[in-house]
Amino acid sequence: FNGGLKNVFFINKKIYGLTSSLKKECYYGAIVDLSNGMELLKTSCIPVDAGRNIDFNGLGSDVVHHEDKILLSIGTPTNDSKSIKKLAQNKNSYFGKILSIKIDDFEKKKLQIENFSRGHRNPQGITIINNQIFSVEHGPHGGDELNKIKFGYNYGWPEVSYGTRYGFDDEGKSYSNEHKKRGFEEPLFALVPSVGISSLNVCPYKLQNY
């Protein structure tokens, strides 16, 4: 179990973290006030049939401030569990989503969560350029993505991907890559083979002139 702190972010000079935890055979993710250890948000338990296939390295995560909210990305913590992958399409699950949380809720110690987008595998970076939101995420065996994030849109994981399954997962068969035909948003870029994509940042203005 590779539990622990996955991301740290600041809200009004207070420090919070996204963590992965195990309590009484329940694997879950949580947003924690790091000053006192209080869990402000706790996900439902990972499906028990996933067993050893839980991999919280797949949780991903990044945070960006957007108007009066933060956008927090949370991936699907698995390599090969079909039941965990499906959480990305489950509207009632926080996994495989970009979540929207009002900043004022952190002071109230009661978070009201809205799914900003869904169908994400392992998000690694998120940023805003000219009021447009962009995110990068790890694909499976290949297929890292750069996505333009729009409210209410579905980015397709695990139904579509430009990557392929690993050898231990359905013998390495390809995923469907017919995003538009199946009602999903197409990535701006898909990298095949993948490059192990990580953070996403705005280039400082001084560097843009070189």
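The first residue in the sequence is number 1, and the count goes up from there.
- Annotation for Gly60 and Lys6: closest pair O-CB, 4.5 Å, computed over non-hydrogen atoms.
- Under the 4.5 Å side-chain heavy-atom criterion for Ile, Leu, Val, Met, Phe, Trp and Tyr, Ile128 and Phe134 are members of distinct hydrophobic clusters.
- The two residues Leu59 and Thr19 make their nearest non-hydrogen contact at CD2-O, 4.5 Å.
- Leu71 and Phe151 fall within the same hydrophobic cluster, defined by Ile, Leu, Val, Met, Phe, Trp and Tyr side-chain heavy atoms under 4.5 Å apart, directly or through other members.
- Note on Val136: it does not cluster hydrophobically with Phe116, by side-chain heavy-atom contacts below 4.5 Å among ILVMFWY residues.
- Listed here is the closest heavy atom pair of Phe95 and Gly75: CD2-O, 3.4 Å.
- A donor-acceptor distance shorter than 3.5 angstrom exists from the side chain of His138 to the backbone of Ile197, with no hydrogens or angles considered.
- Atom NZ of Lys110 has 12 or fewer heavy atoms from other residues, nucleotides or ligands within 6.0 Å.
- Distance check, rounded to the nearest 0.5 Å: CG of Leu99 to CD1 of Ile74 gives 4.5 Å.
- Here the OG1 atom belonging to Thr127 is positioned 12.0 Å from the CD1 atom belonging to Ile149, to the nearest 0.5 angstrom.
- Here the shortest heavy-atom pairing between Gly143 and Ser194 reads N-CB, 4.2 Å.
- Surrounding NE2 of His66 are more than 12 heavy atoms belonging to other residues, nucleotides or ligands, all under 6.0 Å away.
- The number of heavy atoms from other shown groups lying within 6.0 Å of CG (Asn36) is above 12.
- Looking only at distances, no side-chain donor or acceptor of Asn177 sits under 3.5 Å from a matching main-chain atom of Ser161.
- Under the 3.5 Å distance criterion, the side-chain polar atoms of Ser117 are left unmatched by any main-chain donor or acceptor of Asn154.
- Remark: Phe189 pairs with Leu146 by the side-chain contact (heavy atoms from CB on, under 4.5 Å) rule, at least two apart or across chains.
- In terms of heavy-atom proximity, Pro158 sits nearest to Lys86 at CG-N, 4.3 Å.
- With hydrogens and angles disregarded, a donor-acceptor distance shorter than 3.5 Å links the side chain of Lys97 to the backbone of Asn90.
- Taking hydrophobic clusters as Ile, Leu, Val, Met, Phe, Trp and Tyr residues chained together by side-chain heavy-atom distances below 4.5 Å, Ile126 does not share a cluster with Ile129.
- Between Leu5 and Leu34 there is a side-chain heavy-atom pair separated by less than 4.5 Å.
- Rounding to the nearest 0.5 Å places NZ of Lys24 at 11.5 Å from SG of Cys45.
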- prompt: Given Leu200 and Gln124, is the side chain to side chain contact (heavy atoms under 4.5 Å, CB included) satisfied, shown in steps?
  reply: CA-CA 8 Å; Leu200 180 66; Gln124 294 288 316; over 6 Å; no
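- With values rounded to the nearest 0.5 angstrom, Ile70 atom CD1 is found 4.5 Å from Ile101 atom CD1.
- Across all non-hydrogen atoms, the minimal contact from Ser44 to Tyr28 is O-CB, 3.9 Å.
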task: Test side-chain hydrogen bond (donor to acceptor under 3.5 Å, both in side chains) on Gln112 and Lys102 and set out the steps.
output: CA-CA 7 Å; Gln112 297 186 38; Lys102 289 185 177 180; over 6 Å; no
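- Met38 is connected to Ile113 through a chain of hydrophobic side-chain contacts under 4.5 Å among Ile, Leu, Val, Met, Phe, Trp and Tyr, so both are in one cluster.
- In this structure, Leu22 and Phe56 have side chains that are not in contact, with every pair of non-hydrogen atoms separated by 4.5 Å or more.
- Residues Thr43 and Ser93 fail the side-chain proximity criterion, which asks for heavy atoms closer than 4.5 Å.
- Listed for the Arg182 side chain is a donor-acceptor partner under 3.5 Å among the backbone atoms of Glu159.
- Distance check, rounded to the nearest 0.5 Å: CD of Glu186 to CD of Glu145 gives 8.5 Å.
- In this structure, the side chain of Asp33 engages the main chain of Ser35 through a donor-acceptor pair within 3.5 Å.
- In Lys42, the NZ atom is crowded: over 12 heavy atoms of neighbouring residues, nucleotides or ligands sit closer than 6.0 Å.
- Legend: residues meeting side-chain contact (heavy atoms from CB on, under 4.5 Å) with Ser61, ordered by chain and number and at least two apart, are Asn7, Leu18, Leu72.
- Ile31 CD1 to Tyr16 OH: the interatomic distance, rounded to the nearest 0.5 Å, is 10.5 Å.
- Judged purely by atom type and a 3.5 angstrom limit, Lys108 has no side-chain atom pairing as donor or acceptor with the backbone of Asp104.
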message: Run Thr76 and Thr78 through side-chain hydrogen bond (donor to acceptor under 3.5 Å, both in side chains) and show every step you take.
response: CA-CA 6 Å; Thr76 51; Thr78 181; over 6 Å; no
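- Residues Pro123 and Asn147 fail the side-chain proximity criterion, which asks for heavy atoms closer than 4.5 Å.
- Although no hydrogens or angles enter the test, the distance criterion places no donor-acceptor pair under 3.5 Å between the side chain of Ser20 and the main chain of Gly29.
- Classification of Glu107 and Lys14 as a salt-bridged pair holds, one side-chain N sitting under 4.0 Å from a carboxylate O.
- Looking at Tyr153, Tyr155, Phe184, Tyr162 one by one, the single match for ring-ring contact (aromatic ring centres under 6.0 Å, His included) with His179 turns out to be Tyr162.
- Classified by interplanar angle (parallel below 30°, tilted 30° to 60°, perpendicular above 60°), the ring pair Phe106/Phe9 is perpendicular.
- Within the 3.5 Å criterion, the main-chain N or O of Asp144 finds no donor-acceptor partner in the side chain of Glu137.
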